[in-house]
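Data block below; observations after.
Chain identifiers are assigned alphabetically (A, B, ...) following the order of the sequence lines, protein sequences preceding nucleic acid strands; residue numbering begins at 1 within each chain.
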Amino acid sequence: MSISNWKYNTEQSLVENHGLKHDEFESIVEGLGREPNLTELGIFSAMWNEHCSYKSSKYWLKKLPTSGDRVVQGPGENAGVIDIDDGDVAVFKMESHNHPSFIEPYQGAATGVGGILRDVFTMGARPVANLNALRFGEIDHPKTKHLLSGVVEGIGGYGNCIGIPTVGGEVNFHPSYNGNILVNAMTVGIAKKDKIFYSAAAGIGNPVVYVGSKTGRDGIHGATMASAEFDDDSEDKKPTVQVGDPFTEKLLLEACLELMKEEAIIAIQDMGAAGLTSSSIEMASKGNVGLEIDLTKVPMRAQNMTAYELMLSESQERMLMVIDPTKESLARNIFRKWDLEFEVIGKVTDTKNLVLNMNGKEEACIPINILVEDAPEYQRDYIIREPSKRIKIIQDQFDQKTIIPDLIEMISHPNLCSRKWIWEQYDHMVMADTIVRPGSDAAVVRVHGTNKGIAISTDCSPIYCKHNSFEGGKHAIVETWRNIIASGALPIAVTDCMNFGNPEKPEIMGEFVECIRGMAESCSYLNYPVISGNVSLYNETNGVGIYPTPAIGGVGLIKDLSKTMTIGLKNEGNIICVIGETSGHLNMSQYLSIIKNKEEGSVPEINLEIEKKNGMFVLDCIEGHLTLSVHDIGEGGLLIAMSEMCMAGNFGVQIEVKKEFLHAYLFGEDQGRYLIEVSEKNYEKVIALAKDNSVHIEKLGFVGGTDLKINHLNKVSIAQLVEKNSEFFEKYTGE
Amino acid sequence: MLAKIHITLKKDVLDPQGKVVANSLNTLGFETVQDVRQGKYIEVTIDEEDTDIAKQKLNQMCEKLLANLVIEDYSVEIE
Amino acid sequence: MLAKIHITLKKDVLDPQGKVVANSLNTLGFETVQDVRQGKYIEVTIDEEDTDIAKQKLNQMCEKLLANLVIEDYSVEIE
Amino acid sequence: MKSKVIVFPGSNCDRDVAVAIRKISGSEPQMVWHKETSLSNSDLIIVPGGFSYGDYLRCGAIASTSPIIYEVVKKANEGVPVIGICNGFQILIETSLLDGALIRNNSLSFICRDVYIKSENQTSIFTKKTNIAKMPIAHNEGNYFASDETLKKIVDNDQVAFKYCNQEGEVTSHSNPNGSLENIAGILNDRKNVLGLMPHPERAAESALGCEDGKYIFESILS
Ligand SMILES: Nc1ncnc2c1ncn2[C@@H]1O[C@H](COP(=O)(O)OP(=O)(O)O)[C@@H](O)[C@H]1O
Ligand SMILES: [Mg+2]
């Protein structure tokens, strides 16, 4: 069957297999004034799918605050850009690679890292840090162990080889991810403010250049398999899993950065999802021009590739550029030096059409505006679920004698134990600028050759987001903000990765809407805008969706690295204070979940006014050299945070708590709190400063000894805590 | 009983290692090398009497652990 | 011409990977597995007419690059 | 002091080592691309860490056939000090300038963490200033292996430069991160002008990075 004879009516399933709805197809026909051929159909299908078009999310994403004093580039480019003084900028973004990682955890995660790295160095930045936000199913699920090991190995395999430190991240286990794991990768890069590169093609007649690896049949949309077109073909045509090649990416990185020093690049765009299709269309659309491409010129790895396959291949480690024609041979030589493909495959035109030729025959001709501006956009129905209600937790059900055993059980739990097993598989020190390594709050990476640094943290609490999407969305933003504050940095901006279930279900869409609303509220109040992000919908298997997971990656600035803070306790005799009020919010806490096996009650609410006041107070203390260590109080509550400080610094502590309901005080998850360590000498000063700022502060106890002691009654040695805290991953994966 | 298992990448799956090795052989002066594909070769010593049972078990081992069927093929031979 | 190269660890060289794989296979219920040794299998497509010359070149490739003779042995077969 | 840092495609600790050398010696090291063929006028040659050629095939194998390597071997044989760090150690092993082999960590996973090492050889130009030192490792294949015969030779000839140990300097199996024979972390050639080691002294050469012990190795040679 020839492509041009193909008819919609007789092959309705072909349209469906391309994920296009009937009315979407109708609008293609209307726009083109004819039916598309197969190549064109493939292009529309790639551009109009959720991943590229944001058709379900666009309307809502616009509600997020995206501007601020330091925002140089908000959402819309390959990555967002913020000003970090002295002509320097930080460039960052987070992206999901959920589905590929479920299919093949090593390669899926590895190519996820490769993809986000390209997004950042396309902008002209040298990547300086990677992070990863991971979610797996419950640990007893038969697939979890394999997926966990593979994903961690894949992230390490790629990041280690390319030589960019992986400095942080997060990992959770929850049954809602049994059938859909989440692998979100974030990269931060550093560039000069006047040397940022964008993707808008310009200059009629300028050459369009393909660089990087050759194109194979990697990751071509599954729809092609089901289409009749391939019936008579053998195994050969099966789309294949994308395999990452970090070595080639390293060469591509160095070659691109080398070329960027010359005034040769007019526009540059990496080939990510939907490869050549999305990159070429993006460049044309941004530049309001047309492109003409000769597909015969595309470097190919496999034989007999069709126009359809070339346009939809997701082979990794490739880039598209428009260059200054007078610099062509200079550019070619740079790529040759790095042993990379460099091919002029087309030119910029004034037609505003995407024209594809192959072997002298026109394979496609689509007006860019139909692909982009006419892309579907939906305001899907949504239902907002009532947030879960507060339950009464009665003190009588708790015995004070269980405090220490409960603590041990909690810090041994997969969701709260040390992630050392993970980060030790990542080179987190290469580039010799990692000032705060994983295991503290935010990681801190020095801007090379200076005395300033950026603090980075990723966070999200899906349980909060499920049971109160608005507060959950608020919380995800605030949690990174707190982590950045606790490391001594001023929070500046965030990137997000919105992982949700099927948006065609009103309840799921409601979760999305509410999370966005919560995020927007925190972002505006804290002057902490969203500058880039990614949406991953349809994370569902057999009708069961994941918990709403808006993973947030926050970035802050430390102007003077001598003011960097870590969580480890520093010295005997120092005083520990709690900043922020503790009411003992055990509802929906890790305590209930881990110890009582219950996920119930209300989600703790965030008062943004108090949040900001407390955070700024802590930052003032750090700036004034008044604290020796700081840790925010997050999941698990005060005692978990205290234990983490003890373990990190290898010091004991004596805590005095005159509260009746000890469990609630120690394990409750009230928001807006930090633990700080201050010397006796500075104690009064800190108390006075708190009073001046009307910040709630309580003295909790003293640093000292080798045990964690509560009211002289309950105690446990730090050595035992460390042992229990570091056991899980090794045992689990070693079995 | 000694079993010899070959694990190879499926056709069309990118083999970054093979690519680099081929280039490097060319540079070393072996210009007639056109392509290199790198796979695994695993020798398993197994204590079984019956070749059929052994073979069946070896296939299972490949499916469960030794090969990554998403991107690799395997073959089992028994000496 | 397609050449098949096997690279195996010398007998007295420790094979950490083989050891772990053997343990995992035992844990997975394949209790009759006694030993596992992991090597490499490399397919080289080479444009030569003469098998002898090809063989000679392939041996050189192994000596110069493909095998580490301190710890590995190799064998070359031509289809 | 004229130091040279060799850069292969895939090297990624080349800049880090150059920064450390500059800081410690006050003079700028020269970066040498692997396709170059001359190393004249070198007082110190460094083969840095990373993943040369992606560590494909075998770590260090492909890099060890690069044009510049013939020159490195020549200079080494003339007595010029050469240090191979991590991947650089693997490359020097592949050139046979150093004995033995580096195989996969016994845990089968990449390991990035601080370890302690102590110098076994107290007299070489690289080791004379170091006693017990804390330094990071970051590798997949750092498990040192040698035949009995080779091992005996390097031990008898005082070619073991560093061993993994605990904080107190005791060489225990617990302090061996990767399964190396006799906890070997670094070795010297016959003539003791070539050092290969798995730990990264360049990542531990300033207090801001948490540790300065790496300095001593560079100071030993640079002084
Ligand atoms: N997947 C991961 N990769 C690297 N580091 C991780 C990962 N998961 C957690 N970490 C690190 O472990 C530490 C604790 O993480 P987490 O419990 O999420 O901290 P917090 O609750 O303070 O946000 C942090 O330093 C974090 O960066
Ligand atoms: Mg924290």
Determine the option with the most heavy-atom pairs under 4.5 angstrom with chain D, choosing from Val20(C), Ile42(C), Ile71(C), Val13(C).
Val13(C)
Heavy-atom donor-acceptor pair, Thr95(D) side chain to Leu97(D) backbone, under 3.5 Å:
yes
Do the ring planes of Tyr53(D) and His34(D) sit parallel (below 30°), tilted (30 to 60°) or perpendicular (above 60°)?
perpendicular
Using non-hydrogen atoms and a 4.5 Å limit, figure out which bit of [X] sits close to chain C: side chain, backbone, both or neither.
X         : value
Leu108(D) : side chain
Asp99(D)  : neither
Ile62(D)  : both

Engaged part of Glu72(C) at the chain D interface, taking heavy atoms whose separation is under 4.5 Å:
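Answer is side chain: those atoms of Glu72(C) sit under 4.5 Å from chain D.
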Toward chain D, the part of Lys40(C) with a non-hydrogen atom under 4.5 Å:
side chain
Modelled atom types, side-chain donor and acceptor of Ser220(D) and Lys128(D), under 3.5 Å
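Absent: no donor and acceptor within the cut-off.
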Nearest heavy atoms of Ile187(D) and Tyr144(D), plus distance in Å
CD1-OH, 3.6 Å
Glu168(D) CD: over 12 foreign heavy atoms closer than 6.0 Å
yes
